[in-house]
Amino acid sequence: MRPGRNRGWLLRLVIAFSFAQGAVSMARPAVSYRALALGADERAIGVIAGVYALLPLFAAVPLGRRTDQGRCAPLLPVGVVLIAGGCALSGLANSLVTMAVWSGVMGLGHLSFVIGAQSLVARQSAPHEHDRNFGHFTIGASLGQLIGPIAAGALIGGPDMARTSALALVVAGAGAAVAFTSLWRIERPVDPESRTEQGERVPVHRILRTRGVPGGILISLAVLSATDILTAYLPVVGEDRGIAPTVIGLLLSLRAAATIACRLVMTPMLRWLGRTALLTVTCVLGAVLCAGIAVPVPVWALALMLAALGFCLGVGQPLSMTTVVHAAPDDARSTALALRLTGNRLGQVAAPAAAGLVAGVAGVAAPFVMLGALLLVSSGIALRSPVAPAGESGGSERPAGPPGGKERSAGRRGSRIGAVLSRKRDI
């Protein structure tokens, strides 16, 4: 079956990603609350949040190489197992070191799932569908980010914070396991001959020098760092300002709901502004809103800021995926997406550690000023590195599926027509 037909697999992937991301989004604030109950300070919270990204940092590129040369689907159940185990065992841990270890396992599972899922979307979508399908795929993440914090806030609280946060982590592990129900027949059969036609592996340095790839990686790093620090440190801000965990969960979910709304209207926004302007404007607005969280404001004002921030942050991830996929060579798309995730994990290692240091010196709200500066830098990158429309870059000149025979030449002729149409769509 050629790319672009029968999107039932995409719906099942979105459902599975919703459960997997919901478990992670429920576990991240629960880990922070449990660490606080075990005596952690702001610096320790930053270290634990950074360890979540440490193991994935070294595993991303090998997993991407393996996916380029084989199937995508096997990474999905592996990721679910690691997420479920990391969540549940974090709840059973009684020391900060053990919690950090299981947090790293949870991060490795999330990375495995995301590499497999993003590669599946890139491989089974036609080039002109990437914006739409990646946007729909990330709605799964936003749904998980909407439900997870609400569930965490409903379970965590009371005088025994250690017990209720542990319960939330175990429940998160059980929720991740539900993702198995949507992983059946999610990948189309792969023609064995299509894999034997591949040449030598594309070097990493060549991928990183491809126009569009570095910009996509840096924008994604900034946006994800903002989301990650927001999830990890808003509970700390809530404790400092006397905001209940239930309210913090609702605020995080409000941010996620705004992100879903953004991705539902992304296609008309792209037609109106174009990719470069849309990325630049949302990054600048996100920078201002992040810095505004550092100001002690009423809860209703904080809710408005978080809703607007969630809308702005909803743009960066799907468009950075499309940027990287279109820029990378066809036989190195999974590796390019893995490099993008490596950049994300670098941000998730460095940003929480830096946030912990900043919070220890300047207060718990200071990390949000740091995030505002990072988003401001990313807006400059978006402005200086325009995103090429589908069909303009070398990676998108060929069909998304495996090349072969007459279909290869036909796909090339069709892609030239698609390139002209895509340019018209982006005006």
Side-chain angles (χ1 to χ4, degrees), residues 19-54 82-110 144-178 227-256 299 306 348 352 355-356 359-360 364 367:
F19 281 103
Q21 184 64 56
V24 172
S25 299
M26 182 178 180
R28 299 303 300 283
V31 165
S32 296
Y33 280 118
R34 181 159 174 79
L36 288 170
L38 294 177
D41 57 11
E42 291 86 355
R43 293 182 179 88
I45 296 291
V47 170
I48 292 174
V51 172
Y52 169 83
L54 189 59
L82 293 176
I83 290 171
C87 291
L89 292 171
S90 293
L92 300 177
N94 290 315
S95 72
L96 296 178
V97 174
T98 309
M99 285 192 66
V101 171
W102 292 121
S103 180
V105 171
M106 179 171 55
L108 182 60
H110 188 258
Q145 291 166 356
L146 171 66
I147 297 169
I150 292 178
L155 291 174
I156 301 171
D160 192 355
M161 188 75 72
R163 184 187 64 82
T164 56
S165 58
L167 175 62
L169 287 165
V170 173
V171 171
V178 179
T227 304
D228 203 56
I229 296 299
L230 190 65
T231 303
Y233 269 86
L234 198 62
V236 182
V237 171
E239 285 286 300
D240 184 66
R241 298 181 185 176
I243 304 174
T246 303
V247 177
I248 292 295
L250 289 173
L251 291 174
L252 289 172
S253 296
L254 177 63
R255 195 278 311 163
V299 174
L306 286 171
Q348 287 182 302
V364 295

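Below, all heavy atoms of this structure are taken into account, side chains as well, without hydrogens, waters or symmetry copies. Residues: numbered from 1 along the sequence shown.
Every residue two or more places apart in sequence or in another chain that forms a side-chain contact (heavy atoms from CB on, under 4.5 Å) with D240 is listed here: V364. For D41, there are no salt bridge (Lys or Arg N to Asp or Glu O under 4.0 Å) partners at least two apart in sequence or on another chain. When the salt bridge (Lys or Arg N to Asp or Glu O under 4.0 Å) test is applied to R241, no partner is found at least two apart in sequence or on another chain.
The line from CG of L38 to OH of Y33 is 15.0 Å long, rounded to the nearest 0.5 Å. To the nearest 0.5 Å, atoms CD1 (I48) and OG (S32) are separated by 7.5 Å. Note that CD of Q21 and CD1 of I83 are 8.0 Å apart. Values are rounded to the nearest 0.5 Å.
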For residues 154-177, dump all side-chain donor-acceptor pairs below 3.5 Å to protein atoms at least two apart in sequence or in another chain.
from : atom 1 : to   : atom 2 : distance (Å)
D160 : OD1    : R163 : N      : 3.3
T164 : OG1    : G157 : N      : 3.3
T164 : OG1    : G157 : O      : 3.3
T164 : OG1    : D160 : O      : 3.3
T164 : OG1    : M161 : O      : 3.3
S165 : OG     : M161 : O      : 2.7
S165 : OG     : A162 : O      : 3.1

Could you go through residues 84-99 and list every donor-acceptor pair under 3.5 Å that involves a side-chain atom there, pairing it with any protein atom two or more places apart or in another chain?
from : atom 1 : to  : atom 2 : distance (Å)
S90  : OG     : G86 : O      : 2.7
N94  : OD1    : R34 : NH2    : 3.2
S95  : OG     : T98 : N      : 3.2
S95  : OG     : T98 : OG1    : 2.7

Please list every donor-acceptor pair under 3.5 Å in which a side-chain atom of residues 249-256 meets a protein atom from a residue at least two apart or in another chain.
from : atom 1 : to   : atom 2 : distance (Å)
S253 : OG     : L146 : O      : 2.4
S253 : OG     : I150 : N      : 3.3
S253 : OG     : G249 : O      : 3.0
R255 : NH1    : Q145 : OE1    : 3.4
R255 : NH1    : T259 : OG1    : 3.2
R255 : NH2    : Q145 : OE1    : 3.2

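Counting heavy atoms from C-beta outward, L234 and I243 have side chains that stay 4.5 Å or more apart.
Here the shortest heavy-atom pairing between G153 and T246 reads O-OG1, 3.3 Å. Closest of all the heavy-atom pairs between G109 and L82 is CA-CB, 3.4 Å. Here the closest non-hydrogen pair linking A40 and I45 is CB-CD1, 4.3 Å.
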